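Notes to accompany the following structure.
Protein chains get the first letters and strands the later ones, always in sequence-line order, with residue 1 at the start of each. Computed from a prediction, not measured in an experiment: that's the story for all the values here.
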Amino acid sequence: MSAANIANVSTTTPAPSDFIRDIVAQDVASQRFAKIVTRFPPEPNGYLHIGHAKSICLNFGIARENNGQCNLRFDDTNPVKEDIEYVDSITHDVRWLISGWADQCLGQKTKGAVPTAQIFNDKPDFHIGAAPLGAPEVEAFFASDYFEQIYAYAQQLIKLGMAYVDDLTPEETEAYRGSPDRPGRPSPWRDRCIAENLDLFGRMRAGEFPNGARSLRAKIDMTSPNMWLRDPLLYRIRHVAHHHAGDKWCLYPLYDFAHCLSDYLEGITHSVCTLEFEVHRPLYDWILQSLELPRTLPHQYEFAKLNVGYMIFSKRRLLQLVEEGAVEGWEDPRMPTLSGARRRGIPASAIRRLAAIVGVTKYESVTDIALFEHAVREELNPIAARRLAVLHPMKVVLTNIPAGETWVCAATNNPQDEVTTTRDLALTREVFIESDDFAEIPPPKYFRLKPGGEVRLKYACIIRCDEVIKDAAGQITELRCTADLTTRAGGANVDKKVKGTIHWVSASHCIDAEVRLYDRLFTVPEPGATDDFRKHLNPHSLQVVTGKLEESLVNAQPGESFQFERLGYFTPDNKNFTPGRPVFNRTLTLRDTWVKPGQPK
RNA sequence: UGCCCGAUGGUGUAAUGGUAGCACGAACGACUCUGACUCGUUCUGUCUAGGUUCGACUCCUAGUCGGGCAGCCA
């Protein structure tokens with residue numbers, strides 16, 4: 001099973017419905033737009049995580065269900081926080097997440113393209129479209145590719161008397177703004193004439209003024225109860241180079257100004273974002289309406305972002321974990337990042353399934369991590385090949401099988417398959433079983449191996465424990481058992497029932513492999529609820545063991561998923577991979593409904 | 001003591017004035033060469049108070065609780 005195959009699973013679930021899709025459906029019905037175009041607009045200042053995945057699934061899902069398009073656009077208006085490393089990882093992660101599902105909807109542009117002039121309804125207009133599907137040299141959209149056009153829109157706003165250059169310092173600007181329950185005061189520079197504003201704005205671009213000396217502001221209403229309408233800043237001076245635009249600019253637009261115009265330039269029809277931007281919507285509309293643009297304007301819709309128990313999604317905190325070494329980088333399998341999830345063996349389809357389960361609402365909730373784990377198991381169960389592996393080995397000697405003798409056992413690769421396929425396992429005198437699967441003093445209802453008891457070695461035969469061998473310290477060193485070879489497949493007593501069936505590997509036909517057992521990164525459901533989230537790091541989130549694995553696993557490749565029977569789902573690590581010496585990551589344990597006596601769940 | 005948004009079982013959601021349903025979870029049971037999967041049964045819900053209506057989760061009013069807004073971040 002290749003990574004590509006995994007990504008192809010479960011692409012046929014019924015189209016979900018939610019309040020945003022309802023709006024889109026109405027717009028489709030009324031033929032308001034020729035084509036539905038959405039966008040996913042990350043800022044390249046961190047890695048994508050499962051929270052972003054909800055937005056990706058929504059935006060690409062809408063495009064997919066309406067034969068539309070979803071642009072990947074980097075919202076890169078703040079060069080001091082952004083980096084090309086993030087551009088690359090985000091591009092990769094988006095492609096991974098939509099692979100086999102919405103590839104055909106991914107809007108990208110011809111490499112190096114910028115918005116071009118056109119006439120629309122007899123009016124001058126600017127637009128940038130997607131490169132045709134399959135075009136050779138393509139790249140994501142970048143807001144920074146629109147800087148020239150956005151600058152021109154700013155000039156137009158000045159000419160309309162709707163923007164002005166302000167000389168207030170950042171501190172003064174804050175003081176003049178007032179507070180949510182107290183109106184702001186107009187800047188003394190608010191009523192500069194258009195010619196002076198234009199001149200000053202040009203000199204800001206020319207680099208005549210230091211950082212923070214002047215800004216461009218929209219002229220709206222300093223007394224508005226909506227803080228974002230109190231003459232919001234449109235441009236600030238930053239004498240720094242940009243990772244994508246180079247050193248061409250020392251003047252950068254702010255989010256509110258760049259975002260709505262980027263949406264317009266790309267022909268976005270539905271601009272979907274998270275709830276915290278709800279109060280920005282009047283500004284989004286104000287800017288687009290003020291500029292008297294010829295084409296149908298995009299509209300912004302907001303939904304609640306994803307929260308999942310025992311995870312954190314704050315970029316700042318995730319960066320902190322990386323920088324402080326609490327994890328091994330952004331791609332650590334314990335991280336909620338998409339690259340971490342991929343390395344952990346979580347299929348993209350499972351993340352899409354989660355998005356479908358949680359839906360889209362305006363209610364801010366915390367999703368039970370059980371929903372996520374359910375989605376993962378649901379995707380992995382049908383596709384993960386079954387293998388036998390012993391993580392905490394205990395030696396068992398089958399005293400009635402001579403050394404060197406081999407009994408071949410056919411093992412089913414996946415009971416979920418319609419057509420059963422098998423592989424051969426070797427049963428030999430010495431095998432390993434899981435130490436948990438033997439109890440010298442068994443608790444009630446324990447139906448694995450115990451002294452004098454019987455258990456089935458899966459795919460092989462029933463064994464009986466005759467003797468427990470211990471060292472001087474009283475530690476069990478091996479079990480001496482008798483194999484009932486008549487209970488093998490095809491044997492006379494194959495139908496003999498025993499309560500327990502356990503996994504095992506032959507001591508002479510197994511490989512040693514490092515297996516990394518991951519658990520949740522935090523010990524509390526809402527680690528982000530307190531300032532000191534690091535206090536709740538799970539000290540046992542990674543346990544490394546050397547397991548005994550059935551031989552066939554020696555050829556396992558990154559991107560493949562296996563179920564180690566009775567243990568969980570595992571995948572070869574894609575970072576520490578040496579052909580012939582795979583290191584395995586545990587994706588997730590199997591659901592375990594056996595309540596150990598005395599251990600409430 | 002400003003403005004905006006929200007509230008349905010333990011969790012995520014559906015019902016768009018007409019039987020409160022689904023999934024997860026939990027409990028019990030069946031099945032089982034994975035204590036998995038699968039199957040069956042059960043469990044728990046409309047924030048509060050008024051109002052409109054033959055009928056309200058849905059509409060109105062007030063309240064309660066939660067979230068957001070005072071970056072030259074996005």
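- Contact annotation for Glu302(A): no contact, since no heavy-atom pair falls under 4.0 Å across all strands.
- Residue Tyr363(A) has its side chain nearest to G6(B) when only U38(B), G6(B), C72(B) are considered.
- Residue Leu229(A) is classed as having no contact, given no heavy-atom separation below 4.0 Å to the nucleic acid.
- For Gln563(A) and Glu565(A), the side-chain atoms include no donor-acceptor pair closer than 3.5 Å.
- A donor N or O paired with an acceptor N or O is found under 3.5 Å between the base of A74(B) and the side-chain atoms of His280(A).
- Taking every side-chain heavy atom of Ser179(A) into account, A70(B) is the closest of A74(B), A70(B), C33(B).
- Heavy atoms of Arg182(A) sit nowhere under 4.0 angstrom from any nucleic acid atom.
- With both ends at atom P, the span from G9(B) to G45(B) equals 9 Å, rounded to whole Å.
- As judged by a 4.0 angstrom heavy-atom cut-off over every strand, Leu233(A) is placed among the base-contacting residues.
- Using a 4.0 Å heavy-atom distance criterion, Val366(A) is classed as a sugar-phosphate-only contact.
- Among G6(B), C24(B), U32(B), the nucleotide with an atom closest to any side-chain atom of Lys362(A) is G6(B).
- A gap of 12 Å separates the C1' atoms of C60(B) and U53(B), to the nearest Å.
- Residue Thr593(A) has no polar side-chain atom (N or O) positioned under 4.0 Å from OP1 or OP2 of G35(B).
- Lys315(A) comes within 4.0 angstrom of nothing in the nucleic acid, heavy atoms only.
- At the heavy-atom level, Tyr255(A) lies under 4.0 Å from base atoms of the strands shown.
- As judged by a 4.0 angstrom heavy-atom cut-off over every strand, Leu254(A) is placed among residues touching the sugar-phosphate backbone only.
- Applying the Watson-Crick and G-U wobble criteria (two distances, each under 3.5 Å), U19(B) pairs with nothing in any strand.
- Between the side chains of Tyr569(A) and Glu379(A), not a single donor N or O lies within less than 3.5 Å of an accepting N or O.
- The listed nucleotides are C37(B), C5(B), A70(B); the one nearest the side chain of Arg591(A) is C37(B).
- Comparing U13(B) with A7(B), their C1' atoms are spaced 14 Å from each other, to the whole Å.
- Among the protein residues, Gly212(A) comes within range of the nucleic acid bases, having at least one heavy atom under 4.0 Å from a base atom.
- A donor atom on one side chain and an acceptor atom on the other are not found under 3.5 Å apart for Asn78(A) and Tyr255(A).
- In the model, Asp76(A) has a side-chain atom that pairs as donor or acceptor with a side-chain atom of Ser144(A) under 3.5 Å.
- Side-chain atoms of Thr361(A) lie closest to U13(B) of the nucleotides C73(B), A36(B), U13(B).
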